[in-house]
Amino acid sequence: MVVTRFAPSPTGHLHIGGLRTALFNYLYAKGMGGKFYLRIEDTDLARNSQEATEAILQAFEWVGLDFDSEILYQSQRLKLYQSYIQQLLEADKAYRCYMSKEELEALRESQRVRGETPRYDRRYRDFKGTPPQGVTPVVRLKVPLEGEIAFEDGVKGAVVVQAKELDDFIIARADGTPTYNFVVSVDDALMGITDIIRGDDHLSNTPKQILIYQALGFGLPNFYHVPMILNEQGRKLSKRDGAMGVMDYKNLGYLKEALLNFLVRLGWSYGDQEIFSLEELLQHFSPKELNSAPSCFSPHKLDWLNAHYLKTISNDTLQTLLVDFDMPPSFGRLKPVQKDILLSALKERCATLQSLSLGVHEVLDPPTAYEPLKNPEARTLLKAFMHDLKEASLDSLENVQTLLHTFLAAHALKPGTFMPVLRVALLGKKGGIDLKEALFVLGDQVLERLQTFLERT
Ligand code: GLU
């Protein structure tokens, strides 16, 4: 059975790179009928916070990636990790190192002076004497003195590191707390993780983790280290390029379906297909097809996908989603059919929920200024139209259409002559949704708006 995990460190919001990693792990496990676990790596008390954990969980809940069983918190497992440290000490696979910080510093300095790579010189590796007074020891792993640590990375290919390039690295600090690579390895092994998909910033940790697995007698999982997401200029993604928290995307009005679809394509492809339902992803995704080249974040593509998904959702769902956005109170007073026409019209034009709510304002809020009109006949035409309007009904799109048609015919007007005038008088500017729809949505207010335009201009 495939068992994967997502293991964020709660140092801040869940960012989109993290969500992409989570998604890959989720899709692989769930697509294979396996298990997907969530583990919070919260042992670094100075850098971790409860708020950050909650922010991560909130983002997870929003995107709807379900995980199996309880969330595992590393901070609750310190005793367990310590028992494994003890086990390694007893098996002579790890040892206590009594070197003080000052001694280590002095050693590094002398190595630097000699032009050598600064590293611990293993001086306590086989120490059997009486420990020096006043130093609380750290615990170091006995890294093999020679040989290779080799593994086949599912994305990078063969990775080989010479054991002699690695220090006897610390697995427990002087205060007894285990170090990062140690807890990750113990947990991955105990949780039965079969496949680890993570960012390639962790690639250099993997040989160390493999040594810990081996020392503890655990079997190795498969590793897949995915390259970073870069901006369109090929540089590290900054906040300005879109390296924001997942919930920032929600607040900007992106749909989770669009965001997930967008993220999965950053580093994975399936022929030329761009749009994937979750079912399709579960069916097709495989980490074996993850790309070894960095992927490029295109805000334009995210908008394109979001616009696509906006069109596919019902207006009822849309209204529920818009509750979180700034909507004018007048929207609530529209008849259901007016709401429906307005939302359908805006869905065709908007890329995000935020721009859609702005679009609702643009129609429903009376204009505060008017774009200038060059047509010298504008006022006369508008007065004539208002005259006809008093006799007409705007309670269906057909009636609106008939009114416009009859008016244009009666005055021998081309649509291009009159429509921009009507649009500016009604909405203040020339762009926007179809005028017929705007007239229908505004209904009773149309006459008043035209009157106001005549008074103010
Ligand atoms: N906690 C690590 C991070 O947030 C991930 C560790 C891992 O996936 O092995 O970067």
Side-chain angles (χ1 to χ4, degrees), residues 2-29 34-60 63 65 67-68 71-78 81 84 149 151 153-156 159 161 169 171 177-213 216 218-229 236-237 243-246 263 266-267 287 290:
V2 172
V3 183
T4 66
R5 49 56 163 191
F6 177 55
S9 306
T11 50
H13 297 297
L14 177 62
H15 54 88
I16 51 154
L19 180 58
R20 181 186 66 152
T21 307
L23 178 63
F24 288 161
N25 282 289
Y26 169 88
L27 290 175
Y28 187 37
K35 299 261 183 237
F36 170 66
Y37 297 128
L38 182 60
R39 179 172 82 219
I40 304 290
E41 308 215 308
D42 56 351
T43 52
D44 187 344
L45 299 176
R47 293 181 65 224
N48 300 156
S49 73
Q50 186 58 28
E51 293 87 75
T53 300
E54 272 154 27
I56 291 169
L57 296 181
Q58 192 191 25
F60 239 72
V63 294
L65 297 186
F67 41 85
D68 289 287
I71 303 171
L72 190 139
Y73 291 89
Q74 287 186 328
S75 57
Q76 295 168 1
R77 292 160 66 85
L78 290 176
Y81 304 132
Y84 280 97
I149 303 136
F151 65 100
D153 188 279
V155 178
K156 306 275 173 190
V159 180
V161 174
F169 57 91
I171 56 174
T177 56
T179 54
Y180 171 75
N181 281 314
F182 190 77
V183 297
V184 168
S185 313
V186 169
D187 281 340
D188 283 335
L190 296 185
M191 290 164 82
I193 305 299
T194 58
D195 295 84
I196 295 177
I197 308 171
R198 62 186 172 199
D200 65 4
D201 47 334
H202 287 286
L203 186 61
S204 61
N205 285 325
T206 307
K208 293 184 185 172
Q209 294 178 6
I210 289 178
L211 289 171
I212 295 166
Y213 273 91
L216 289 168
F218 294 136
L220 296 186
N222 301 313
F223 294 99
Y224 304 86
H225 287 95
V226 283
M228 306 224 284
I229 305 171
K236 192 169 180 266
L237 203 62
M244 291 181 290
V246 170
L263 290 176
L266 294 178
L290 285 169

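Just so you know, these numbers use all the heavy atoms, side chains as well, and skip hydrogens, waters and symmetry mates. We count ligands from 1, going down the list as the structure has it; atoms in each ligand are counted the same way. Only a predicted model underlies this, so the values are computations on that prediction, with no experimental measurement involved.
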*asked:* On a heavy-atom basis, I'd like to know which of R5, H202, E41 is closest to atom 3 (C) of ligand 1.
replied: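 Looking at heavy atoms only, the winner is H202.
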*Please confirm whether Q209 comes under 4.0 Å of ligand 1, counting heavy atoms of the residue only.*
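Outside the 4.0 Å threshold, so no.
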*Contact check, F6 vs ligand 1, heavy-atom distance below 4.0 Å*: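 No.
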_Among all the protein's non-hydrogen atoms, which is closest to atom 5 (C) of ligand 1, and how far away is it?_
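Sorting protein heavy atoms by distance from atom 5 (C) of ligand 1 puts A7 O, 3.3 Å first.
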*Nearest-contact summary for atom 6 (C) of ligand 1 - protein heavy atom, Å*: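 Closest protein heavy atom to atom 6 (C) of ligand 1: Y180 OH, 2.9 Å.
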*Would you say the side chains of E54 and Q50 form a donor-acceptor pair under 3.5 Å?*
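Yes, Q50 and E54 have a side-chain donor paired with an acceptor closer than 3.5 Å.
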*Strictly by modelled atom types, are T4 and D195 linked by a side-chain donor-acceptor pair under 3.5 Å?*
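The criterion, which ignores hydrogens and geometry beyond distance, is not satisfied for D195 and T4.
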_Before you tell me yes or no, could you show the steps for R77 and Y81 under side-chain contact (heavy atoms from CB on, under 4.5 Å), namely the whole-Å CA-CA distance, both residues' side-chain angles and the distance that decides it to 0.1 Å?_
CA-CA 6 Å; R77 292 160 66 85; Y81 304 132; 3.5 Å; yes
*For the pair F60 and F36, name the ring-plane relationship: parallel under 30°, tilted 30 to 60°, perpendicular over 60°.*
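Taking F36 first and then F60, their aromatic rings lie parallel (interplane angle under 30°).
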*Is it the side chain (CB and beyond), the backbone, both or neither of S9 that lies under 4.0 Å from ligand 1, heavy atoms counted?*
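Within the 4.0 Å criterion, S9 contacts ligand 1 through backbone and side-chain atoms alike.
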*Side chain, backbone, both or neither: F223 near ligand 1, heavy atoms under 4.0 Å*: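 Looking at F223 and ligand 1, no heavy atom falls under 4.0 Å.
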*asked:* Within this structure, what is the OG1-NE2 distance for the pair T206 and H225, rounded to the nearest 0.5 Å?
replied: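 NE2 of H225 is found 3.0 Å from OG1 of T206.
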*Considering only NZ, NE, NH1 and NH2 on the basic side and carboxylate oxygens on the acidic side, decide whether R5 and D187 come within less than 4.0 Å.*
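No, R5 and D187 are not salt-bridged.
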